[in-house]
Number of protein chains: 4
Amino acid sequence: MKSRSEKPRPPFRFRLDAVSGVPVYRQVIDQVRGALATGALIAGDQLPTVRQLAVDLAINPNTVVRAYRELELSGLIETQQGSGTFIGEGRLRNAGAERERQLNQIVEETIARAGAGGFSLDELLAALRAAKERVRKERS
Amino acid sequence: MKSRSEKPRPPFRFRLDAVSGVPVYRQVIDQVRGALATGALIAGDQLPTVRQLAVDLAINPNTVVRAYRELELSGLIETQQGSGTFIGEGRLRNAGAERERQLNQIVEETIARAGAGGFSLDELLAALRAAKERVRKERS
Amino acid sequence: MKSRSEKPRPPFRFRLDAVSGVPVYRQVIDQVRGALATGALIAGDQLPTVRQLAVDLAINPNTVVRAYRELELSGLIETQQGSGTFIGEGRLRNAGAERERQLNQIVEETIARAGAGGFSLDELLAALRAAKERVRKERS
Amino acid sequence: MKSRSEKPRPPFRFRLDAVSGVPVYRQVIDQVRGALATGALIAGDQLPTVRQLAVDLAINPNTVVRAYRELELSGLIETQQGSGTFIGEGRLRNAGAERERQLNQIVEETIARAGAGGFSLDELLAALRAAKERVRKERS
DNA sequence: GTGGTCTAGACCACC
DNA sequence: GTGGTCTAGACCACA
């Protein structure tokens, strides 16, 4: 069995998306799930404390508590009284499907925003490609 | 004046994602906006009637009313009491510079969202291309 | 940051005109807008809670919600989940020329409305002055 | 008793106010009442036919029918089968109060529009005075 | 038939 | 406690 403090990892960074319309506690949950899917978080990693995350995201601690509780109920994380909250020993089902759903949601909402602004899908694609090109150059 | 039924177009299909956590009325709004971006809906098209869409999506008519109203307030659609709801004719387009700035902001925020979710720029681009392809097929 | 209760202001009073034929939610919206013009409400002021205003006006809370939401969509107020609804800080003001054009349009349309109702410009001016006087008295 | 065709008067002109939020049939009613209050319409005057008014205002004949019916129910007008609709023999109660209510509504909505646009009551008053001055000069 | 307004009341998200 | 979403259903305005 792997010890929990075997290899300390850099803390996972949360980010809120104000324009998505998705409830805050839901975004926290989704990000933990997403991080599990990508491997950014693995079994044994410690999550930020409730208070710390509340400060970081400028939200109410109760909102964090709620998100953590829901994650714990679904078996993804484990709360160790007095020491913190940790990623559970595994078994994230359907990681791929969940990840795909999240990406799809981003894509659909982006297309919607473009439409509301009078932009076509093609214009959007072109702009995104241009952005990618910019990034590529900056790196070289 | 051009008649609205001059050239009947395939009706636009709405669909709901029950697990996304995004409010239903928001999903309806986003889909209309998205359809404007993809060209699935164009100026003059009639949207489903409030009652019809409510039946199709198995939701309350008031929820549809709310979505339509918000779309009207933002100038994207026009309602004509007693006859129906239509895509607006006169969505004034911004001038070039402002327009470009706006598109750029959408792109930047989308990249940020994707990054926060652990998706690469390439994954994002691929998903957007896939969405475009989907639209192309539906239209043919 | 300035505290919101630093200098308690007299609460803004809403009232309904049952015989006017104007929808209730519209009257609420117009009164908030009017209060902004008269200075009865200023940035940072808290509006009555949804439930309180519903009780005061003897209407359904949902009707208040609808009015507040429309005001928020137009950028005049800001809602903070769990704490209340406030007059927005950042109502960006238009530049001089555009601003003047806008005011002129309001004036022209008002004169036209008054004329259609058989009111002279002098009657209109007198009524507006009376409204201003009323505001002045309420404030003292 | 005054004969109805004794002295033919110029037809009364109706106008619709699209921005007021007041139902169309209600505006028709209000304008007849207002015209009675100002003397623009007097007992015996003929109103436009249902069809004519519907065409003039670009509204549905049923809407006119409804307005006329309501006016008839309140005893202000009389329908003469085959010859037209006429102002009744009088007794408009409370003409002054009704007229005042109408003017007040215009004033309140104008102040509201100004507030929504970020204008103060004083700015509005100044603009209206300027408009009056302009009119005065044009006439001299 | 269409959309518009309002009520009553449930349940959720957040402070 | 705050606001947010959704439902069910009544009644009105309009074509």
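Protein chains get the first letters and strands the later ones, always in sequence-line order, with residue 1 at the start of each. Because the structure is predicted, anything quoted here is derived from the model rather than measured.
Using a distance-only test at 3.5 Å, with no hydrogens or angles considered, no donor-acceptor pair links the side chain of B:E78 to the main chain of B:E72. At distances below 3.5 Å, not a single donor-acceptor pair connects side-chain atoms of B:Q46 with backbone N or O atoms of B:G84.
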Practice task
Before giving the answer on side chain to side chain donor-acceptor pair (under 3.5 Å), spell out for C:Q105 and C:E109 the whole-Å C-alpha distance, their side-chain angles and the decisive distance to 0.1 Å.
Solution key: CA-CA 6 Å; C:Q105 182 170 335; C:E109 287 183 20; 3.0 Å; yes

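Residue B:T79 places no side-chain N or O under 4.0 Å from the OP1 or OP2 atom of E:dG3.
Nearest heavy atom pair, residue B:P48 against residue B:Y68, reads O-OH, 2.9 Å.
Listed by chain and number, the residues in a ring-ring contact (aromatic ring centres under 6.0 Å, His included) with B:Y25 amount to none (sequence neighbours excluded). Residues passing the salt bridge (charged side-chain N to carboxylate O under 4.0 Å, His left out) test with C:R33, sequence neighbours excluded: none.
What separates CD1 of B:I29 from C1' of F:dG4 is a distance of 13 Å, to the nearest Å. Computed from coordinates, the C:L53 CG to F:dG3 C1' distance equals 14 Å when rounded to whole Å. In this entry the distance linking CD1 of B:I77 with C1' of E:dG4 reads 13 Å, nearest Å. Distance, C:Q27 CD to E:dT5 C1': 13 Å, rounded to whole Å.
Taking the nucleotide of DNA chain E with the nearest heavy atom to each of B:R69 and B:Q52, the more 5' of the two is matched to B:Q52.
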Handout entry: Sequence-aligned protein contact record of nucleotides 6-15 of chain E, with B where the base is within under 4.0 Å of a protein heavy atom and S where only the sugar-phosphate is
Key = BBBB---BBB

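Residue pairs meeting the salt bridge (Lys or Arg N to Asp or Glu O under 4.0 Å) criterion with at least one member in residues 62-71 of chain B, sequence neighbours excluded, are B:R69-C:E70, B:E70-C:R69.
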Practice task
Any chance you could encode DNA chain F as dot-bracket? Rule is Watson-Crick or G-U wobble with both distances under 3.5 Å; [ ] for pairs crossing earlier ones, | for another strand.
Solution key: ||||||||||||||.

Please list, one pair per line, the donor and acceptor atoms closer than 3.5 Å that link side chains of residues 52-65 of chain C to other protein atoms, with sequence neighbours excluded.
unit_1: C:Q52; atom_1: NE2; unit_2: C:D56; atom_2: OD1; d: 3.0
unit_1: C:N60; atom_1: OD1; unit_2: C:N62; atom_2: N; d: 2.8

